Amino acid sequence: MPDCIDTIVTDNMDYCPDQENPAGVSPVEIFAARVADFDEIMAPPALNVATTLEEAGTIVGPHTFTPPKGFFKITVLPETGMVDTQNQGEKGSKSNVNNFAGTLPGTSAKVTGFIRKYQNVGMIFLVTQVNGEIKQIGSKNSPAYLSEATGSSGVKPGDVHGTPIKFSDVQAYPAPVYTGTITEFVPE
């Protein structure tokens, strides 16, 4: 029989009804970088190393780059961005699909170029939620890839003129919280 060691302290999962718990992501605090641009990509600790539930769900960072490389910012239309996790698989072989979705404004040449450039490129996204937590999609071993892009000019007044996108990864864990420094690229 294997020597399985549980290092995580048992803890209650309490909830306070008067605690603020807003939904959504910031439309302007979304960061992305190609996996190939990193010098070092940090990960959450292994379950046999973490000692608390918070530690098991956090990447302390920081991720590192050689300048001028770094994260670039993405802006999405307000109230279109979201991070979600879907637990999938059979008992004993579960994994998680983590997604970042949002609508890029318009269908301009720049939006088209973004999709062309990054549609087959392994990425890491840091997505700031309205509550201030930063969720990470993608990792060194399982980058996030573009899984959906559907631009539309809209049909009538009031329709959204934009390009909904979705980047997805597959991990052993749900999208972790990132607490490290965010290094932005240096324009050349």
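Hydrogens, waters and symmetry mates are skipped; everything else that's a heavy atom, side chains included, is used. Bear in mind the structure is a predicted one, so any value in this text is a computation, not a measurement.
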How about [X] and [Y]: do any of their side-chain heavy atoms sit closer than 4.5 Å?
X: Y178; Y: P176; result: no
X: I124; Y: F38; result: yes
X: D11; Y: M13; result: no
X: T179; Y: I134; result: no
X: D169; Y: V97; result: no
X: Q88; Y: N96; result: no

Side-chain ([X]) to main-chain ([Y]) donor-acceptor, under 3.5 angstrom:
X: E184; Y: V186; answer: no
X: D159; Y: V155; answer: yes
X: D6; Y: I8; answer: yes
X: K94; Y: G89; answer: yes
X: S142; Y: V170; answer: yes
X: D39; Y: T66; answer: yes
X: E55; Y: T51; answer: yes

Indicate the atoms forming the closest heavy-atom contact of [X] with [Y], along with that distance.
X: H161; Y: L77; answer: O-CD1, 4.3 Å
X: A33; Y: G70; answer: CB-O, 4.0 Å
X: N131; Y: E133; answer: OD1-N, 3.0 Å
X: G122; Y: P143; answer: CA-CB, 3.4 Å

State whether a side-chain donor-acceptor pair under 3.5 Å links [X] with [Y].
X: E54; Y: T58; value: no
X: T183; Y: H63; value: no
X: S147; Y: S168; value: yes
X: T85; Y: N98; value: yes
X: T7; Y: N48; value: no
X: Q171; Y: S139; value: yes

Practice task
Return yes when atom CG of L47 has more than 12 non-hydrogen atoms of other residues, nucleotides or ligands closer than 6.0 Å, and no otherwise.
Solution key: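 No, the 6.0 Å shell around CG holds no more than 12 heavy atoms from other groups.
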Practice task
Answer yes or no: are there more than 12 heavy-atom neighbours, outside E79 itself, under 6.0 Å from its atom CD?
Solution key: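 Not more than 12 within 6.0 Å, no.
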Problem - Rounded distance [0.5 Å steps], CZ in F71 versus CD1 in I182 - result: 7.0 Å
Handout entry: Nearest-0.5 Å distance, OG1 of residue T112 to NZ of residue K117
Key =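 These two atoms lie 15.0 Å from each other.
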Practice task
If you link ILVMFWY side chains whenever their heavy atoms are less than 4.5 Å apart, which other residues fall into the same cluster as V111? By chain and number, please.
Solution key: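 Members other than V111 - counting any ILVMFWY side chain reachable under 4.5 Å - are V25, I30, F72, I74, V76, V83, F100, L104, F114, I115, Y118, V121, M123, F125, V127, I137, L146, I165, F167, F185.
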Handout entry: Basic-acidic side-chain contact under 4.0 Å: E40, K140
Key =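 Between K140 and E40 there is no salt bridge, as every charged N stays at least 4.0 Å from the carboxylate O atoms.
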